[in-house]
**Student:** 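Here it is, the structure, as structure tokens.
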Amino acid sequence: MLKFDTILGLAGDPALHERLHGLEHRGAVETIVLEPRDMARHRLRATTDKGTDCAIALARDTMLEDGAVLLLDEARAIVVRSAVQRWLALVPRDAAAALELGYHAGNLHWRVHFEGARLMVALEGPEAAYLERVAAFLEDGRVRRADG
Amino acid sequence: MSAETAQHPGAARVGIGGPVGSGKTALLEQLIPRFAVRGTRLAVITNDLVTKEDAERLRRSGLIAPERVLAVEAGACPHTVIREDPTLNLDAADLLEQRFSPLDLILLESGGDNLASTFSLELVDYWLFVIDVAGGGDIPRKKGPGVVQADLLIINKPDLAPHVGVDLEAMVAEARAVRGDRLVLVTNCRSGEGVDAVVAAIGRDVLFDAAS
């Protein structure tokens, strides 16, 4: 198990990028892929794509970010990547439906953002579980799905 | 250039949530002596609605030095202070770390809440959700966020199953089905049965035991 309590920088940082690039060519960059919500954790245990057991314990004022470099030496690097956030896009039929849908999403403590007339719901579990919660809206046409 | 160091990174913070009466405080009372035996340097925060009942119970228990137990009064829905605005609990955790540094682990018990209760990952590193057999065998399939999203789901009071008409095996199977890969454990927090596995899970995932 490797223990990490600091982030060396981001993979895109000019100071790190070249060295990472060289290691990538040698297949020596390992990746930890985390679900978007797990990026908020300060302390977790995770396994890289090559099976390295990692224990991460960051100071409370330090946040993981996509591309966070945990290890960089001559032999290898370990980089954290955030999995792509999946979204459920919902379009209310009219203002009344929008009010209802917004109230409902708030009650469910869903994480959302707005894209014009679309309510974008961050999926933090199976999509089916979210669709179950808005089934009545979808069935009677108050809300329809839109391509993400 | 390596980030590996021997510095103490601060205490792991582990939340314990769940409905009223499910056994959260009883679980704490089972966990504290087990962590003491391991040599884990521990402090506890309890959350109550408008009293310090759970904190006083722990302080009187003799299981932990009373000054290592802090109480937070939510004053409203308990989930507000563990999720929407965890400032009171963050301050309490920071205070404990200042007073008793170095700590290895802070356990934060939520006030009793409903199945939608979850912890902010700004506040805790890992969280448990405790339900009990007497609350109903159908709890897991209701897919409450607490049941589904917790890092560890605990089903407590298995001894009551025959008395309340619950099929424990089916309840556990349904819990595993709705949680995917996430861990489900059964405990009896009166007898202590099953609690060692909870300690092992916390040890592995946030105290970073080499093997547990």
**Student:** Side chain, backbone, both or neither: which part of A:R37 has a non-hydrogen atom closer than 4.5 Å to chain B?
**Tutor:**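 Interface part for A:R37: both.
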**Student:** Could you grab the distance from atom CG of B:D151 to atom CG of A:D38, nearest 0.5 Å is fine?
**Tutor:**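 One gets 7.5 Å once the value is rounded to the nearest 0.5 Å.
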**Student:** For residues B:A12 and A:R43, report the shortest heavy-atom separation together with the two atoms involved.
**Tutor:**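 For B:A12 versus A:R43, the nearest heavy atoms are CB-NE, 3.3 Å.
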**Student:** Between B:Q149, B:R83, B:K143, which has the largest tally of heavy atom pairs under 4.5 Å with chain A?
**Tutor:**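 Of the options given, most contacts go to B:R83.
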**Student:** Output yes when B:D125 and A:R45 qualify as a salt bridge under the 4.0 Å nitrogen-oxygen rule, no when they do not.
**Tutor:**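 Answer for the salt bridge query: no.
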**Student:** Can you tell which part of A:I56 gets under 4.5 Å to a heavy atom of chain B, answering side chain, backbone, both or neither?
**Tutor:**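 Contact with chain B is through the backbone of A:I56 alone.
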**Student:** Tell me, for B:R179 versus chain A, whether the close heavy atoms (under 4.5 Å) come from the side chain, the backbone, both or neither.
**Tutor:**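 Neither part.
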**Student:** For B:E84, is the CD atom crowded, meaning more than 12 foreign heavy atoms sit under 6.0 Å from it?
**Tutor:**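 Enclosed: over 12 neighbouring heavy atoms sit under 6.0 Å from CD of B:E84.
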**Student:** Taking atom NE2 of A:H109 as the centre, does the number of heavy atoms from other residues, nucleotides or ligands within less than 6.0 Å exceed 12?
**Tutor:**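 Correct, the count exceeds 12.
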**Student:** Between A:K3 and B:F208, what is the shortest heavy-atom contact and its length?
**Tutor:**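 Reported closest heavy-atom pair: CE-CB, 4.3 Å.
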**Student:** Just verifying a value: how many Å separate B:L121 CG and A:H42 NE2, rounded to the nearest 0.5 Å?
**Tutor:**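 Separation between the atoms: 9.5 Å.
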